[in-house]
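Residue numbering restarts at 1 for every chain, and letters A, B, ... go by the order of the sequence lines.
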Protein chains: 2
Amino acid sequence: MPSESEPTAPVVLSAAQRMAILKALGEPRRLEIVERLSQADHSSACTDLRACMPIAPATLSHHLKELETAGLVHITREGKYAHLTLRRDIWQAFLADLQKI
Amino acid sequence: MPSESEPTAPVVLSAAQRMAILKALGEPRRLEIVERLSQADHSSACTDLRACMPIAPATLSHHLKELETAGLVHITREGKYAHLTLRRDIWQAFLADLQKI
DNA sequence: TAATCAATTCGACAGTTATCGAAATGTCGA
DNA sequence: TCGACATTTCGATAACTGTCGAATTGATTA
């Protein structure tokens, strides 16, 4: 039974998911979002991101959905805010996947 | 003076080139081209690629130009054929760049 | 309750891009 | 020289996508 207490579980990506991640990263603002989430040690909200980058709420929401669908970003809705975190296990699996090429 | 006798020269990618590579890889056929070139130990021709994947010559030429522009693929024209090789130094620099995120 | 705020959804638009047929270019062999 | 071949270029089209205003939803606060 998988548990979130294992920080680096052996995640395996499908070819489709790898492609979805590559597509997601191939857009400047989405890459910037991933970079910012990676550098943050706590979860961020949409407002935090919008304070750093000029982007309309609708556009940010669109990009976050893409990143969530690709599996790179985890979104927890709580009250008014969305808690955004980078799924580091997926990110590491993605990097490991690229190395094998 | 840089020389090709150094297999792992310290290549540094600009943010623009990193994005160009990500965009280039975010297309299934281009990723497959990169994978095939990576696995090949000698240079490949367009015909070799077309023997493995169903793609019109014009489409292949288009994708190769994208990969060349991104800096990932080196193309040498010689007679009838194009010699295609993966630029492994750029590829490694790209991977190293992603790790830093 | 009313106003404010965070975030999402909807709809539309503009720009980009993947695709390929047809034609062109250049090369090699018969 | 002539025909076959590898590759590129051109032009057109369909599909995709990034963008954002406006409206909506849901939650907090005054």
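For the pair B/Thr59 and C/dC20, the criterion of a side-chain N or O lying under 4.0 Å from OP1 or OP2 is met.
Within 4.0 Å (heavy atoms only), B/Ala82 reaches sugar-phosphate atoms of the nucleic acid but no base atom.
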Q.
Is there a side-chain contact (heavy atoms from CB on, under 4.5 Å) between A/Leu37 and A/Leu72? Walk through the geometry before answering.
A. CA-CA 10 Å; A/Leu37 292 185; A/Leu72 262 187; over 6 Å; no
(Q) Using the rule given for side-chain contact (heavy atoms from CB on, under 4.5 Å), can you reason through B/Thr76 versus B/Thr85, listing the C-alpha separation, both sets of side-chain angles and the distance that settles it, and then say yes or no? (A) CA-CA 9 Å; B/Thr76 301; B/Thr85 55; over 6 Å; no
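Residues B/Met19 and B/Ser14 have side chains not in contact (no heavy-atom distance under 4.5 Å, counting atoms from C-beta outward). Between B/Phe94 and B/Val11 there is no side-chain heavy-atom pair separated by less than 4.5 Å.
Of the residues in residues 29-56 of chain B, those placing a heavy atom less than 4.0 Å from an atom of DNA chain D are B/Ala45, B/Cys46, B/Thr47, in numerical order. Within residues 62-81 of chain A, the residues that have a heavy atom under 4.0 Å from DNA chain D are, in order of number, A/His62, A/His63, A/Gly79, A/Lys80.
Using modelled atom types and a 3.5 Å distance limit, the side chains of B/Arg87 and B/His74 yield no donor-acceptor pair.
Going from atom CG of B/Leu64 over to atom CD of B/Glu68 covers 8.5 Å, rounded to the nearest 0.5 Å. Between the CG atom in A/Leu84 and the CZ atom in A/Arg77 there is a gap of 8.5 Å [rounded to 0.5 Å].
Rounded to an integer number of Å, the gap from CG of B/Leu60 to C1' of D/dC5 is 15 Å. Distance CD (B/Glu27) to P (C/dA18): 5 Å, rounded to an integer number of Å.
Here the rule is side-chain contact (heavy atoms from CB on, under 4.5 Å) with A/Arg29, and of A/Leu49, A/Thr59, A/Val34 only A/Thr59 fits it.
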